[in-house]
Amino acid sequence: MTQPPDETALLDDLASQFLSAMTAKSDGRFDAAEDQLRAILKIEPRLPEPRMELARVLLDSDRLEEAEEHAREARGFLEGDGQWTDDLPKNVVLALCYALLAEILRRHADEDDVIFGDPEAFKAIVTESQDLFARAAKLDPSDEYASYHAFFLGTMGKK
């Protein structure tokens with residue numbers, strides 16, 4: 001389906017902003033990248049790729065709760081065929097999202113209040129992380145990070 005001219009121009013502008021945010025992130029200017037990603041999502045909150053990158057920035061700065069929220073939203077859009085860019089195959093983008101969410105959950109499970117809290121809640125977080133790593137590895141077997149965690153967390157072959 002063809003986008004209306006105004007929407008196409010808006011998405012092109014957002015793509016330019018996204019590339020600028022990725023440059024800022026790769027240059028180590030994480031605050032600028034975060035601000036640019038938030039600005040993109042304020043204009044168009046349904047874009048999963050900027051949401052995933054924001055989740056990564058938040059994860060890298062130990063803001064796990066907000067990172068998880070953004071990763072889950074991105075996953076919902078991707079699972080609903082909401083991929084924005086076509087630079088990568090759908091399975092690769094979805095695998096990246098699953099691995100990102102799995103990493104956020106794995107890090108969350110390492111927190112003292114989770115480790116020493118409710119054993120069932122801890123188990124649920126770890127199990128979901130394992131499942132997501134396994135799903136990522138299955139979708140994109142070339143993703144060595146997800147494959148490593150899926151294997152060493154004991155999930156390969158379960159799904």
Side-chain angles (χ1 to χ4, degrees), residues 14 18 21-85 87-159:
L14 292 177
F18 183 67
M22 294 300 85
T23 299
K25 183 180 164 203
S26 69
D27 290 345
R29 295 180 293 119
F30 301 109
D31 290 342
E34 180 180 343
D35 290 345
Q36 290 174 315
L37 292 165
R38 287 185 188 280
I40 292 167
L41 293 171
K42 189 172 187 175
I43 295 167
E44 182 47 80
R46 298 171 295 176
L47 299 177
E49 292 87 341
R51 195 166 292 285
M52 288 170 56
E53 290 298 335
L54 178 57
R56 171 52 65 187
V57 169
L58 294 166
L59 171 63
D60 291 345
S61 60
D62 292 323
R63 293 178 279 169
L64 301 180
E65 191 171 305
E66 191 179 0
E68 180 182 344
E69 184 179 306
H70 284 285
R72 287 188 186 283
E73 286 187 51
R75 180 183 68 176
F77 291 126
L78 289 171
E79 289 175 342
D81 291 327
Q83 185 172 332
W84 178 31
T85 64
D87 294 340
L88 292 172
K90 180 180 177 178
N91 67 304
V92 171
V93 176
L94 189 55
L96 288 169
C97 190
Y98 286 162
L100 173 62
L101 181 53
E103 177 63 16
I104 293 166
L105 293 172
R106 187 191 67 75
R107 292 260 305 274
H108 184 56
D110 288 342
E111 295 179 330
D112 285 346
D113 63 328
V114 176
I115 292 172
F116 299 112
D118 178 11
E120 290 303 313
F122 173 78
K123 183 179 177 181
I125 292 169
V126 170
T127 299
E128 184 179 6
S129 179
Q130 291 170 332
D131 179 58
L132 287 164
F133 274 127
R135 290 169 71 183
K138 187 173 182 179
L139 279 171
D140 182 11
S142 69
D143 181 348
E144 294 178 9
Y145 183 79
S147 295
Y148 170 85
H149 279 84
F151 180 79
F152 284 105
L153 290 174
T155 61
M156 291 302 280
K158 285 186 178 180
K159 291 222 173 211

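Position 1 is the first residue of the sequence; numbering continues from there. Everything numeric here is computed off the predicted structure, so don't read it as measured data.
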Problem - CG-CD distance between L78 and E73, expressed to the nearest 0.5 angstrom - result: 12.0 Å
Exercise for the section: Would you give the length of the straight line joining atom CD of E49 to atom SG of C97, rounded to the nearest 0.5 angstrom? Expected result: 9.5 Å
Handout entry: Full working for side chain to side chain contact (heavy atoms under 4.5 Å, CB included) between L101 and M52
Key = CA-CA 9 Å; L101 181 53; M52 288 170 56; over 6 Å; no
Handout entry: SB check E53 R38 (cutoff 4.0 Å)
Key = no
Problem - Heavy atoms of other groups near D118 CG, more than 12 under 6.0 Å - result: yes
Problem - Criterion side chain to side chain contact (heavy atoms under 4.5 Å, CB included) on L100 and R75, from CA distance to verdict - result: CA-CA 10 Å; L100 173 62; R75 180 183 68 176; over 6 Å; no
Exercise for the section: Might you point out which heavy atoms bring A102 and S129 nearest each other, and give the distance in Å? Expected result: O-OG, 2.9 Å
Exercise for the section: Return the minimal non-hydrogen interatomic distance between L54 and L37, and the atom names on each side. Expected result: N-CD1, 3.6 Å
Exercise for the section: Kindly determine whether K25 and R56 satisfy side chain to side chain contact (heavy atoms under 4.5 Å, CB included), including the steps that lead there. Expected result: CA-CA 10 Å; K25 183 180 164 203; R56 171 52 65 187; 3.5 Å; yes
Fill in the blank from the handout: L41 and L47 have their tightest heavy-atom pair at CD2-O, 3.6 Å
Practice task
To the nearest 0.5 Å, tell me how far D81 CG sits from L94 CG.
Solution key: 10.0 Å
Practice task
Please answer whether the main-chain N or O of R46 pairs with a side-chain N or O of E44 as donor and acceptor at a distance below 3.5 Å.
Solution key: yes
Handout entry: Residues K123, E120: salt bridge by 4.0 Å N-O rule
Key = no
Fill in the blank from the handout: Exactly one of E103, E66, H108 clears side chain to side chain contact (heavy atoms under 4.5 Å, CB included) with L59, and that residue is E103
Handout entry: side chain to side chain contact (heavy atoms under 4.5 Å, CB included) assessment of E34 paired with L58
Key = CA-CA 8 Å; E34 180 180 343; L58 294 166; 4.1 Å; yes
Practice task
Considering non-hydrogen atoms only, spot the tightest contact between L14 and I40 and give its length.
Solution key: O-CD1, 4.0 Å
Problem - Aromatic contact, F77 with W84 (centres under 6.0 Å) - result: no
Handout entry: Cation-aromatic face contact R135/Y98, 6.0 Å, 45 degrees
Key = yes
Handout entry: Exam field: side chain S61 to backbone V57, donor-acceptor pair closer than 3.5 Å
Key = yes
Exercise for the section: Mind listing the closest non-hydrogen atom pair of A95 and L139 along with its distance? Expected result: CB-CB, 3.8 Å
Exercise for the section: Please check if the side chain of Q83 supplies one atom and the backbone of L88 the other of a donor-acceptor pair under 3.5 Å. Expected result: yes
Problem - E68 with R63: basic N within carboxylate O range, under 4.0 Å - result: no
Problem - CG on L64 to CZ on R107, rounded to 0.5 Å - result: 5.5 Å
Handout entry: Considering all heavy atoms, the nearest A33-A21 contact
Key = CB-O, 3.4 Å
